[in-house]
Amino acid sequence: KVSGSGNKYDFSLFKSLDSCNEEVSGNLTLSIDEPQNRDSFEIGDVMKVEINVNNDDDEENKKVITEISLYDINNDDVEKNIKSESATVENSDDFDFNFEFSIDRDASESKNYILFAKTYEKNDEDFECVQDAIGLSIEKAEDKIIIDGISVKPEIITPGDSFEIFITAENIGSNDEEDVYAEASNKELGILEKSQKFNLEESGVGRKHVAIVLAKIPFDAKEGDYEIKVRVISGSGREEKIIILPIEKKQEIVNLQNSG
């Protein structure tokens with residue numbers, strides 16, 4: 001059992017978790033500094049995690065690895081697992097491990113999640129391993145649209161060309177969304193174009209839609225990479241991503257005539 005976070009969990013009951021051997025002891029300690037115990041997140045949110053690891057050995061440096069897992073207690077299911085690269089924690093010093101991940105849209109709505117963290121010495125986990133966990137809630141927002149994918153055609157674009165941006169919008173909220181549209185913009189290229197409006201249902205095949213934005217590159221555009229802001233906008237809010245659009249120099253065609 002572990003109580004570093006103020007919680008007491010018997011990790012041996014969580015069959016899907018790869019936890020430390022209960023009899024392991026050592027000179028490592030950890031704390032989950034971010035997020036906080038009992039924080040709530042919405043499906044589709046990005047969770048930032050910070051784990052602080054202390055090496056309490058006053059003589060030896062330790063090369064350690066930290067793992068985190070988002071664990072659904074109700075379903076005994078590890079929904080996310082991330083392992084760090086090894087890092088050297090010097091004697092009597094500490095080190096911060098930082099992680100970031102999106103909460104999957106098929107995650108369960110529940111107040112019975114834990115964020116589990118485990119730190120162990122590389123190649124010596126049976127003797128140096130420490131773990132902790134905090135409780136989390138995962139909720140489904142009433143109104144939330146995400147951009148699930150973006151593609152551009154044609155792949156090679158030159159000055160004066162028209163092109164299309166295909167934006168996959170998905171409703172991961174609990175309400176239907178009406179009069180949604182996609183938009184693409186870049187001030188330097190003078191681009192501000194919108195798609196036709198569409199609706200997104202709260203479930204089923206109607207929760208997704210591929211919107212098409214048609215735009216054109218100016219004839220005097222310079223060769224280079226341009227940031228295009230892509231948005232999906234509804235009455236309840238907006239989602240934005242940035243894509244890089246490479247513009248290549250138009251190839252000149254030279255006609256060679258055979259003399260005499």
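All residue numbers in this chain count up from 1 along the given sequence.
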S.K.: Is the number of heavy atoms from other residues, nucleotides or ligands within 6.0 Å of CD (Glu109) greater than 12?
M.R.: yes
S.K.: Is there a donor-acceptor pair closer than 3.5 Å between any side-chain N or O of Ser195 and the backbone N or O of Ala182?
M.R.: yes
S.K.: In the hydrophobic clustering that connects Ile, Leu, Val, Met, Phe, Trp and Tyr at side-chain heavy-atom distances below 4.5 Å, which members other than Phe166 occupy its cluster, ordered by chain and number?
M.R.: Val210, Ile212
S.K.: Can you confirm whether the side chains of Thr119 and Thr66 place a donor and an acceptor under 3.5 Å from each other?
M.R.: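 The answer is yes; a qualifying pair exists.
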S.K.: Just jot down the side-chain contact (heavy atoms from CB on, under 4.5 Å) partners of Glu67, sequence neighbours excluded, or say none.
M.R.: Asn81, Lys83, Lys118, Tyr120
S.K.: Side chain to side chain donor-acceptor pair (under 3.5 Å) with Asn112: which residues, sequence neighbours excluded?
M.R.: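 Partners of Asn112 under the side chain to side chain donor-acceptor pair (under 3.5 Å) test: Asn74.
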S.K.: For Ser31 and Asp33, which heavy atoms make the closest approach, and how far apart are they?
M.R.: OG-OD1, 2.9 Å
S.K.: Can a salt bridge be assigned to the pair Arg207 and Glu170 using a cut-off of 4.0 Å between side-chain N and carboxylate O?
M.R.: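 Yes, Arg207 and Glu170 are salt-bridged.
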S.K.: Run the ring-centre check on Tyr71 versus Phe14 and record whether the distance is less than 6.0 Å.
M.R.: yes
S.K.: Centroid separation under 6.0 Å, is that true for the rings of Phe11 and Phe116?
M.R.: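 They qualify: ring centres under 6.0 Å apart.
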S.K.: What's the spacing between Gln36 CD and Arg38 CZ if we round to 0.5 Å?
M.R.: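 Between atom CD of Gln36 and atom CZ of Arg38 there are 13.0 Å.
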S.K.: Distance-only criterion, 3.5 Å: show the donor-acceptor pairs between side-chain atoms of residues 218-225 and protein atoms not counting sequence neighbours.
M.R.:
none

S.K.: Which atoms form the tightest heavy-atom contact between Asn75 and Ser108, and what is the distance?
M.R.: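 Residues Asn75 and Ser108, closest heavy atoms: ND2-OG, 3.7 Å.
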S.K.: Report the C-alpha separation of Asp56 and Thr29 in whole Å, then their side-chain angles, then the decisive distance to 0.1 Å, and conclude whether the side chain to side chain contact (heavy atoms under 4.5 Å, CB included) test is met.
M.R.: CA-CA 7 Å; Asp56 296 328; Thr29 58; 3.2 Å; yes
S.K.: Could you name each residue pair satisfying salt bridge (Lys or Arg N to Asp or Glu O under 4.0 Å) that touches residues 138-158, not counting sequence neighbours?
M.R.: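 Non-adjacent pairs meeting salt bridge (Lys or Arg N to Asp or Glu O under 4.0 Å): Glu42-Lys144, Asp45-Lys144, Arg105-Asp148, Asp148-Lys208.
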S.K.: Which salt bridge (Lys or Arg N to Asp or Glu O under 4.0 Å) pairs, counting each pair once, include a residue from residues 175-189, with sequence neighbours left out?
M.R.: Glu183-Arg231
S.K.: For residues Pro35 and Val49, report the shortest heavy-atom separation together with the two atoms involved.
M.R.: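 So the two residues come closest at CD-CG2, 4.1 Å.
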S.K.: Please name all residues satisfying side-chain contact (heavy atoms from CB on, under 4.5 Å) with Val46, sequence neighbours left out, ordered by chain then number.
M.R.: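 Glu100, Ser102.
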S.K.: Would you give the length of the straight line joining atom SG of Cys20 to atom CD of Gln131, rounded to the nearest 0.5 angstrom?
M.R.: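 If we round to the nearest 0.5 Å, Cys20:SG and Gln131:CD are 4.0 Å apart.
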S.K.: Would you mind listing the cluster partners of Ile242? Hydrophobic ones only (ILVMFWY), side-chain contacts under 4.5 Å, chaining allowed.
M.R.: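 Besides Ile242, the cluster holds no residue at all.
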S.K.: Verify the cluster assignment for Ile233 and Ile146: are they in a single hydrophobic cluster under the rule of side-chain heavy atoms below 4.5 Å apart?
M.R.: no
S.K.: By the salt bridge (Lys or Arg N to Asp or Glu O under 4.0 Å) test, which pairs, at least two apart or in different chains, include something from residues 70-82?
M.R.: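 Counting only pairs at least two positions apart or across chains, the salt bridge (Lys or Arg N to Asp or Glu O under 4.0 Å) contacts touching residues 70-82 are Lys80-Asp104.
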S.K.: Working to the nearest 0.5 Å, report the span between CG of Leu136 and CD1 of Ile114.
M.R.: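 Nearest 0.5 Å value for the CG-CD1 distance: 9.0 Å.
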S.K.: What verdict does the side chain to side chain contact (heavy atoms under 4.5 Å, CB included) test give for Asp126 and Asn21, after you've listed the backbone C-alpha separation in whole Å, the side-chain angles of each residue and the deciding distance to 0.1 Å?
M.R.: CA-CA 7 Å; Asp126 290 340; Asn21 186 321; 5.8 Å; no
S.K.: Extract all donor-acceptor atom pairs below 3.5 Å that involve side chains of residues 87-99 and protein atoms in other chains or at least two apart in sequence.
M.R.:
residue : atom : partner : partner atom : Å
Asn91   : ND2  : Asp58   : O            : 3.1
Asp94   : OD2  : Asn52   : ND2          : 2.9
Asp96   : OD1  : Asn52   : ND2          : 2.7

S.K.: Asn171 and Gly173: which non-hydrogen atoms are nearest, and at how many Å?
M.R.: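 Closest heavy-atom pair between Asn171 and Gly173: OD1-N, 3.0 Å.
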S.K.: Once rounded to the nearest 0.5 Å, what's the spacing between atom SG of Cys129 and atom CG of Leu30?
M.R.: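 Between Cys129 SG and Leu30 CG, I get 9.0 Å after rounding to 0.5 Å.
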S.K.: Looking at NZ of Lys63 and CG of Asn55, how far apart are the two atoms once the value is rounded to the nearest 0.5 Å?
M.R.: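 Output value for this atom pair is 13.5 Å.
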S.K.: Please round to the nearest 0.5 Å and tell me the distance separating atom OG of Ser151 and atom CD of Glu164.
M.R.: 9.5 Å
S.K.: Determine the minimum heavy-atom distance between Ala117 and Ile51, stating which atoms define it.
M.R.: CB-CD1, 3.8 Å
S.K.: Looking at residues at least two apart in the chain, or sitting in another chain, which of them share a salt bridge (Lys or Arg N to Asp or Glu O under 4.0 Å) with Lys216?
M.R.: none
S.K.: Before giving the answer on side chain to side chain contact (heavy atoms under 4.5 Å, CB included), spell out for Ser84 and Ile65 the whole-Å C-alpha distance, their side-chain angles and the decisive distance to 0.1 Å.
M.R.: CA-CA 6 Å; Ser84 73; Ile65 296 171; 3.9 Å; yes
S.K.: Take Met47 and Ile103 through the side chain to side chain contact (heavy atoms under 4.5 Å, CB included) test and state the conclusion after the steps.
M.R.: CA-CA 7 Å; Met47 185 185 299; Ile103 298 173; 3.9 Å; yes
S.K.: Linking Ile, Leu, Val, Met, Phe, Trp and Tyr by side-chain heavy atoms under 4.5 Å, what else ends up with Phe163?
M.R.: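 Listed partners: Ile145, Ile147, Ile150, Val152, Ile157, Ile165, Ile167, Val180, Leu189, Ile191, Phe198, Leu200, Val213, Ile217, Tyr226, Ile228, Val230, Val232, Ile243, Leu245, Ile247.
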